[in-house]
Amino acid sequence: MQANLSEKLKTYRISQPEYEKICDLLGREPKGLEWALFSALWSEHCSYKSSKIHLKKLFGKSKRVLQSFGENAGIVDLGDGEKIAFKMESHNHPSFIEPYQGAATGVGGILRDIFTMGARPIALANYLCFGEPKAQRMSTLVDGVVRGIGGYGNCVGVPTVTGQTHFDPSYNENILVNAMAVGYFGKKDPICLSKAKGVGNHVVYVGAKTGRDGIHGASMASESFDDNSAAKRPTVQIGDPFYEKLLIEACLEVMKKDLVVAIQDMGAAGLTSSTFEMAEKGGVGIEMDLSQVPLRDSTLTPEDIMLSESQERMLLICEPKNFAALKQEFDRWGLDACVVGRVTDDKKVRLLWHGEVICETEPEMIVSSAPEYERTYEEHQLKWPIKKAIPQKGEGVLGDAKMLNTILTSHHGGDRSWIYNQYDQRVGAATANDCSHAVGVVRLQESHRGLGVVLGCRPHVMRMDPYFGGIDSVVHPSLQLATYGFEPLAVTDCLNFGNPEKKETMTQFVAALQGMNTFCQRLETPIISGNVSFYNETKNKNVSPTPSTGLVGLRPSVENLPHDSFYKENQDVVLLTFGSSWFSGFLGEITQATSDGYLEKDLSGIETFVKKLTLASQEGLFASGRVVGKFGLLYALARMSLEGMGAQIVCDQAPFTEVFYQILLSTNDVSRLSKALLSENVSLTAIGKTQKASLQWNEHKWATEELKNLYKKGWEASFAQLAR
């Protein structure tokens, strides 16, 4: 008997203490289908049991926030009757096991989170972390993930407007694939929620048929990898973007016609999560006959049906009088729409199989009674409290300008166009800035204002210090938005960390979250949606802590956006510096030549700086602008010179030191720019002039064409087979 219990606990990934809690809730041992239900919704992936206690502390409200945590996506009011929904999620484990389908279904899943709210998807973004190019399977993983993202997004007809790609050995055996989507509500578009209500209302299954793919996917995503990871391939879902396109149109149409009472995507844990969560949120019961669910495989058992994560499916509630009209709409798009149950008043989920009750339980037991762990962690201690002067030119590897050639031809500093050129960046004809720019920009349909989308989190800053890395994941993208003239509005996140049962992981997680949250409050950019991805660990080795963020910003129009390359001759090149924090950065890390710096935890005046920079950009006070980031000042200047217009620069700062925070601007009016931008903790220095065809840094000089050729070689050198 004990051996049988141990085997069940292993199969369903339920710990002994969790089993005992289940027994206490039920007043008996779990039986039949209950094992699968608890396994899915008590998994880390669905319940957030290791992070919930910390997530409750997040700043999630502002005058613009209409919907925050608790729904499929967050919603922000843009004014003028327009609203947006947006969210970011991970698909890390599936993408490592099966890169094409893992990445593709990550895109499909995040799109469903958006249009289930009633918003039409208008933009996609992706945040990718890969290992060393020569690591086992890495070329295959990079190729499969990029093709999967493009294959799904391109076919479903939503533009990919921005992204980030990082490389580090810590991702050699556990890559990160995070997808973000943004949806748009016009003045007449309704917001739909997932709270089931209305006793006697129909429970309706819509979309694609249920298959065997994705079964136990949520619990698989809640554990570390080992030597048998390839055996988990059957748990990866298979997507069909053309079906998703049909589902988008059908769902939006029935929502506009007010035929839907509540709706939720069948995402992680499939029909289990949508059924139990909708019932629990609405404080009602649901009775559902699983034999009525449309199937691709007639051999599926009730457990298979409840746990399948087959794609392109929704569960919705509608009034009986509206079902005929709703079904007619789904029939028109060639999609299933079947009544599989009804809403009841007994606050129980009752599952039937060919009319026979096979499981009956209270949704609160499985949803809100899930474990909540306070994992062990230590209070964060900042690494470098001692002030030290910023290194100067000629000092060590950070001061050697000749290193620029090596950086530009590396996979760390080289061109990424091989990736984003596979994405349709302009489908829908609303893209103003595509992936070749630091910030993706979409023109809003009714007001024609600009919506900016940018991703944050620099893993090398996280490796330097998790608290400051959390700060940086919000501040750096906020400055990128501000440089383009976008007021930062709100944040979504995808918190990618290792094993939460390890003190080191939780210490990093808590510190990063504290840094993010503090500066979201300071900048008035609430965190309104997101995802936690733990157990990014293989063979007892965690990935770099990586709390990726997605920020959106608003601008009065998309006209006269500043460039992120130099394009006008004989303009003043200005270095705008906030504060005095710095560190040896990415070059110091990869060369292992140096690892030091000085960090200010407070960043006093950053709120004012962001607002002033936003206004200066909107007023057209500079023609070009770029936030200095990875590899420091000279690398940023080289990136700004790739279009043929360079600059002559005289500067004593070490070229590859990374200062928090610097911005390069080109302008015709330094005096006016100074008056607009100077404030607490801010300095502005003219360091040179723009010039045609060459970049000169003190005594070093490169032709802009040479820089462009070096930059293009980086990808080919690292991924020769893919670059063909």
Side-chain angles (χ1 to χ4, degrees), residues 390 393 398 401 404 407-408 413 433 436-439 454 458 472 475-486 561-582 585-587 609-610 612-614 616-617 620-674 676-678 682-692 694-698 700 702 704 707-708 711:
I390 296 174
K393 62 179 182 179
L398 300 182
L404 179 62
I407 292 169
L408 288 172
N433 267 10
S436 63
H437 300 272
V439 175
V454 65
R458 297 185 285 171
D472 185 72
V475 173
H476 190 262
S478 293
L479 288 170
Q480 289 178 302
L481 285 171
T483 301
Y484 275 91
F486 290 91
L561 288 166
H563 293 237
D564 45 17
S565 296
F566 297 129
Y567 76 103
K568 287 187 177 181
E569 190 177 8
N570 204 35
Q571 288 197 318
D572 287 299
V573 178
V574 171
L575 182 61
L576 189 62
T577 303
F578 175 87
S580 53
S581 294
W582 68 276
F586 205 63
L587 184 60
F609 181 51
V610 169
K612 284 179 174 284
L613 182 60
T614 302
S617 179
L621 298 187
F622 50 88
S624 303
R626 180 180 287 268
V627 181
V628 179
K630 181 176 67 177
F631 290 122
L633 185 55
L634 181 54
Y635 178 72
L637 284 163
R639 293 286 303 277
M640 293 185 78
S641 302
L642 295 177
E643 299 303 315
M645 183 66 67
Q648 185 170 12
I649 304 296
V650 177
C651 184
D652 290 333
Q653 180 178 307
F656 304 115
T657 297
E658 295 182 29
V659 178
F660 302 99
Y661 288 94
Q662 290 186 322
I663 300 170
L664 280 165
L665 305 173
S666 68
T667 181
N668 286 325
D669 196 335
V670 175
S671 175
R672 190 177 169 202
L673 192 63
S674 297
L677 290 173
L678 289 180
V682 177
S683 65
L684 188 150
T685 308
I687 59 172
K689 292 272 190 181
T690 56
Q691 63 181 14
K692 287 183 178 179
S694 67
L695 171 64
Q696 186 166 350
W697 170 274
N698 298 320
H700 301 278
W702 299 264
T704 55
L707 294 174
K708 187 174 182 179
Y711 185 64

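If you're wondering where the values come from, they're calculated on a predicted model, not measured in any experiment.
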Which residues pass the side chain to side chain donor-acceptor pair (under 3.5 Å) test with [X], sequence neighbours left out?
X    : answer
W697 : none
K689 : D572
S674 : none

Could you state the interatomic distance from [atom1] ([X]) to [atom2] ([Y]), rounded to the nearest 0.5 Å?
X    : Y    : atom1 : atom2 : value
Y567 : M640 : OH    : CE    : 11.0 Å
L678 : K612 : CG    : NZ    : 8.5 Å
F631 : L408 : CZ    : CG    : 9.0 Å
F486 : S617 : CZ    : OG    : 8.5 Å
R639 : L707 : CZ    : CG    : 11.5 Å
L684 : L677 : CG    : CG    : 6.5 Å

Please report the shortest heavy-atom distance between [X] and [Y], naming the atom on each side.
X    : Y    : answer
V573 : L637 : CG1-CD2, 4.4 Å
T614 : A482 : OG1-CB, 3.2 Å
L664 : L575 : CD2-CD1, 4.1 Å
G629 : H476 : CA-NE2, 4.1 Å
G632 : E658 : N-CG, 3.7 Å
A401 : W702 : O-CZ2, 3.6 Å

Is the backbone N or O of [Y] less than 3.5 Å from a side-chain atom of [X], with the two atoms forming a donor-acceptor pair by type?
X    : Y    : result
Y635 : I407 : no
Q696 : N698 : yes
T690 : N570 : yes
R626 : D564 : yes

Intermediate values then yes/no, side-chain contact (heavy atoms from CB on, under 4.5 Å), L613 and L479: CA-CA 8 Å; L613 182 60; L479 288 170; 4.1 Å; yes
Within the 4.5 Å heavy-atom criterion, are V574 and V670 side-chain neighbours or not? yes
Ring pair (Phe, Tyr, Trp, His ring centres under 6.0 Å) against F609, all qualifying residues, sequence neighbours excluded: F578
Mind running side-chain contact (heavy atoms from CB on, under 4.5 Å) on Y484 and N433 for me, showing each step along the way? CA-CA 11 Å; Y484 275 91; N433 267 10; 3.2 Å; yes
Residues 645-654, side-chain donor-acceptor partners within the protein, below 3.5 Å, at least two apart:
residue: Q653; atom: OE1; partner: Q662; partner atom: NE2; Å: 2.9
residue: Q653; atom: NE2; partner: Q662; partner atom: OE1; Å: 3.2

With sequence neighbours excluded, tell me which residues meet salt bridge (charged side-chain N to carboxylate O under 4.0 Å, His left out) with D669. none
